[in-house]
Amino acid sequence: MLDPIILAQILWTGIATSSPYVLLTAGFALTLKVTGLWNFAQAGLMAIAFYTMFFSLNVLAWPVPVAIGVALVLTGAVALAMEVWGLQVLRARKSGNLTFFIFTLILSEFVIYVITLVFGTEPQTLFKSILSPVAIIGNIAVSDWDKLAVVTAAAGLAALWLFMTRTREGQFLVAVSDNAKLAELYGISAQRAYRVVAVVAALFIVAAMYLVGSHGGIVPNSPMELVLTAVIATLLGGIGRVFAAAAAAVVLALIQSFSILVIASRWQNLLLYGFLFAAILLFPRGVRLPRLRLAMRR
Amino acid sequence: MEYLGTIGILIAIYIILAASYNLVIGYGGLATVAHPIFFAIGAYVSGLLAIHTTLPPPVSVLVGSGCAMLASLLLAASALRVSGDYLLIASLGFQLGLLQLIKNLAFTGGPGGLGGIPATIVGPSRTPVYLAIAVVLAIATVFAIRALVRGPYGRAITAMRDEELAFSALGRNAMSMKLVIFAIGCGIAGIAGGIYTFYFQYISPDQFEVLQSAAILTMVVLGGMGTAFGPVVGAVLLLAIPQAITFLQLPPSIMAPMQGIIFTLLVLVFLFLRPAGILGDTGRRRRSAGLT
Amino acid sequence: MSHVLRTEGLNKRFGGIVVCDDVNLTIAGGEILGLIGPNGAGKTSLFNLISGVLRPDSGTIRLNGKAVNGEPLYRRARLGVARTWQHMLLFRSMTVMENMLVAPRHYPGESILRVTVGRAGVRSAERTARERAHAILDRMALDGTADMPVTDLPFGQQKLIGLARALMNDGPLLLLDEPMAGVEGAAYETMQRVVRQEAESGRAICVVEHNVSFIRDLCSRAVFMINGRILQDGPVEELISSTTLTELYFGA
Ligand SMILES: Nc1ncnc2c1ncn2[C@@H]1O[C@H](COP(=O)(O)OP(=O)(O)OP(=O)(O)O)[C@@H](O)[C@H]1O
Ligand SMILES: [Mg+2]
């Protein structure tokens with residue numbers, strides 16, 4: 001028999017664990033929506049964000065807010081630089097998709113190699129201890145990290161939603177994503193929209209990397225796996241649907257968590273890729289809800 | 001000598017890989033990153049056949065290549081139905097998913113890799129014989145592809161890349177041509193995998209990761225995408241440069257990232273300064289897909 | 001009379017835009033039908049439906065009496081639907097001759113099997129195609145350009161190459177989408193002469209054209225289309241002199 005308390009615990013922990021992925025997926029899917037680009041360079045940005053915080057906290061012994069601030073500035077600056085001196089140049093050249101793909105992927109790898117050279121391949125965490133105080137709330141263990149993660153992700157998504165629907169800048173993003181040429185005719189600069197998206201994505205990345213880095217060890221190559229999770233969630237959520245992609249990230253994490261009950265843990269990663277396979281071969285345009293139910297019954 | 005022979009075999013195998021990849025993306029214009037997974041399928045299938053059956057090695061290699069072809073058709077048929085751009089992301093997912101499967105299955109050796117592949121040829125002539133086989137196959141691959149793209153078939157491929165709609169409206173079946181090109185390229189990668197398995201007798205899933213995709217891609221981009229000999233130049237350069245740094249005698253913890261930095265920098269520099277590659281034609285009527 | 005092309009109750013819409021509204025159209029062999037109408041009337045869309053670029057929402061398209069609705073684009077070309085494009089769509093990295101050589105109805109060069117094991121057959125098919133291409137280019141006074149890159153030719157000649165390429169397909173139906181737009185002088189004369197010759201050889205031809213005098217010179221019959229509907233189908237003179245149609249064309 002399954003104990004409801006255990007189920008509730010798994011549910012809560014699953015949601016908490018998914019929070020950083022939700023943030024990363026939102027940033028990734030937003031970039032895809034507005035710029036039409038599968039921006040694998042975000043892996044490089046994730047690495048920069050994490051190691052900047054790591055260096056500030058552990059080597060320079062700066063306080064946490066300063067470390068986060070420095071990471072924000074640096075990650076945002078790199079994201080902007082990449083947009084202006086990289087992507088913009090390729091766009092002006094009318095480059096094909098493959099070129100953008102190579103550029104973003106190779107740039108990430110370059111960053112990761114440089115970081116490997118500097119920091120080595122040992123797993124690192126932001127704080128000496130990743131144990132977070134736990135409170136028991138209604139029979140469920142809730143750690144401080146859990147609370148921080150869930151609140152950050154929820155706040156991030158809410159802010160993004162408000163930004164996209166309530167501010168002019170955000171509505172410009174939507175206009176550009178719908179039809180960049182048409183938006184330009186109405187005097188909305190696509191270039192500006194792309195820059196705004198780069199900065200917003202960098203914000204989300206720093207927040208997510210703070211959560212990831214205060215919860216477990218990171219090696220220089222970890223961001224590659226993180227960005228792939230974002231890719232999978234984006235595919236499942238349906239390209240162009242930012243919040244559906246974020247929801248898919250939660251669903252994926254929950255499925256993985258609950259699968260502990262039925263399958264061996266070593267298969268869990270496989271499960272993720274099983275979904276990726278299904279998404280690619282069966283639902284290339286994203287999973288709509290009725291279909292998802294169908295897929296799970298099978 | 002043995003060492004140089006091994007390097008030679010590796011270079012020949014990568015020439016086969018880069019040349020077949022070039023057929024797919026450079027000439028066919030099919031943007032995929034999953035080439036290493038077809039290399040892997042060839043390697044694993046022929047390795048497993050060598051361990052568990054008494055099939056003659058060439059047959060094992062061919063079966064491996066056939067499996068790579070089938071898998072490639074499965075991927076291309078479902079991805080191209082959506083769009084050409086979608087293939088890129090679908091291929092990435094396909095590669096990662098299949099690798100994950102290999103890592104989790106018991107009979108593939110899991111993350112530790114597949115070892116104990118029987119040595120088909122023993123004795124001092126082993127390396128020279130494999131070197132001869134690999135080099136002959138590499139030369140055959142490069143020239144066969146060159147012959148293919150020079151004739152009427154190549155003309156059709158160029159037309160398809162130039163203006164697919166007009167091409168189809170002239171009575172040409174673009175989809176089947178794409179599938180065939182994809183399957184041939186991936187089948188050749190499968191053969192390369194078979195040779196690799198039989199010579200090195202050990203394969204591990206790490207060898208077929210996205211990093212490997214980047215490496216083969218780099219070879220093609222560097223040499224000149226859509227040129228007959230570009231992939232050869234790229235493969236030789238990219239395998240020779242790391243050998244050159246080994247003389248610096250750096251510790252491995254510095255050596256590995258240094259090599260990575262050199263690769264990635266090379267790609268970035270070429271991407272922005274000479275997108276056509278070393279042998280690529282930069283004229284305005286480039287016949288190859290190239291990187292624009 | 002047997003019709004080469006017959007469409008029955010053809011409908012097509014893109015969201016709210018109706019591009020084809022219950023279109024019943026017939027063209028006989030040897031006939032040159034003019035298709036006129038304002039911008040956005042759905043003329044190109046109709047060509048796309050007939051040649052198989054688009055699928056109709058409903059209705060039937062018959063070629064020599066046989067329904068071809070289910071046939072994909074490339075198979076319709078093999079069945080004998082040849083067309084040109086408003087924007088030419090030439091293969092820009094190839095020479096004139098190469099453009100011509102991929103265009104025959106049946107091209108063995110696209111089959112990997114035939115280029116590897118059936119080489120003699122491919123060679124002879126290439127020879128035949130080359131001869132045909134030279135003959136067509138000759139007729140258009142373009143034979144000297146055979147080995148030139150298409151993008152090196154002046155615009156009018158590129159338009160002619162678009163037609164020449166379509167003529168490599170010797171099928172019964174020829175669709176010409178604005179062949180005269182931007183064409184002047186000698187190229188104009190050539191275009192007119194070749195289209196007439198093709199009709200005389202028995203092909204059914206449909207021409208979309210904004211150039212009224214071109215339509216008047218070539219066609220005996222024309223249809224007027226607007227918002228996806230055929231408003232009138234009859235003798236050219238009648239259509240051109242109709243004041244309502246002229247208003248619809250130039251007004252609105
Ligand atoms: N693939 C498509 N998707 C959506 N709308 C389309 C598509 N193709 C055409 N349209 C629309 O259908 C309408 C008819 O277009 P079409 O090109 O057939 O007109 P046309 O008569 O050829 O005009 P023109 O004289 O300008 O060439 C236009 O409003 C066009 O925007
Ligand atoms: Mg038109």
Side-chain angles (χ1 to χ4, degrees), chain B residues 23-24 26-29 69 73 81 140 143-185 187-188 226-227 276 280-290 292, chain C residues 47-48 50-53 71-85 87-95 97-116 119 121-123 125-126 129-130 148-152 162 165-166 168-169 171 175:
Chain B
L23 173 67
V24 176
Y27 290 112
M69 265 190 179
L73 280 176
R81 226 177 27 211
F143 280 91
I145 292 176
R146 180 164 171 264
L148 189 66
V149 299
R150 283 188 146 195
Y153 199 73
R155 192 192 299 135
I157 295 177
T158 310
M160 175 173 79
R161 252 195 353 249
D162 269 8
E163 209 62 76
E164 190 176 327
L165 188 61
F167 180 71
S168 306
L170 289 169
R172 310 286 79 87
N173 188 344
M175 180 57 104
S176 94
M177 274 190 69
K178 287 181 188 174
L179 291 180
V180 167
I181 294 169
F182 199 71
I184 293 177
I188 296 176
T227 62
D281 170 9
T282 43
R284 81 195 151 95
R285 270 187 305 273
R286 273 187 307 120
R287 315 192 111 240
S288 51
T292 41
Chain C
F47 275 13
N48 286 343
I50 297 169
S51 61
V53 178
E71 305 285 354
L73 176 61
Y74 75 93
R75 273 233 282 277
R76 292 206 205 165
R78 290 180 191 177
L79 288 170
V81 181
R83 72 170 289 181
T84 66
W85 306 83
H87 302 289
M88 295 190 287
L89 306 188
L90 297 179
F91 305 127
R92 301 179 59 81
S93 67
M94 314 207 311
T95 65
M97 181 49 80
E98 287 169 327
N99 264 271
M100 302 286 283
L101 287 181
V102 281
R105 255 210 265 188
H106 297 283
Y107 176 72
E110 74 179 294
S111 151
I112 195 93
L113 214 61
R114 297 186 63 180
V115 293
T116 46
R119 308 187 59 164
V122 173
R123 258 200 300 277
E126 286 271 305
R130 211 172 274 273
M148 284 167 68
V150 275
T151 45
D152 281 2
R165 190 178 67 178
M168 287 298 284
N169 182 329
L175 309 173

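Below, chains carry the letters A, B, ... as their sequence lines are ordered, and counting in each starts from 1.
- Contacts of B/Leu165 with chain C are made by both backbone and side-chain atoms, with heavy-atom separations under 4.5 Å.
- Contacts of C/Arg165 with chain B are made by both backbone and side-chain atoms, with heavy-atom separations under 4.5 Å.
- Here the closest heavy-atom approach between residue C/Ser93 and residue B/Thr158 is recorded as OG-CG2, 3.4 Å.
- Neither the backbone nor the side chain of C/Thr84 has a heavy atom closer than 4.5 Å to any heavy atom of chain B.
- Heavy atoms of C/Val102 lying under 4.5 Å from chain B belong to its backbone as well as its side chain.
- Neither the backbone nor the side chain of C/Leu79 comes within less than 4.5 Å of any heavy atom of chain B.
- Contact of C/Arg75 with chain B is not made at all, since no heavy-atom distance falls under 4.5 Å.
- In terms of heavy-atom pairs under 4.5 Å with chain C, the best-connected choice from B/Met177, B/Arg172, B/Met175 is B/Arg172.
- Shortest non-hydrogen contact noted between B/Ala169 and C/Trp85 is CB-CZ2, 3.4 Å.
- Contact annotation for B/Ile181: neither backbone nor side-chain heavy atoms come within less than 4.5 Å of a heavy atom of chain C.
- Checked for salt-bridge contact, C/Arg78 and C/Glu110 meet the test: a charged N lies under 4.0 Å from a carboxylate O.
- The candidate with the highest count of non-hydrogen atom pairs below 4.5 Å against chain C, out of B/Ala166, B/Ala156, B/Ser176, is B/Ala166.
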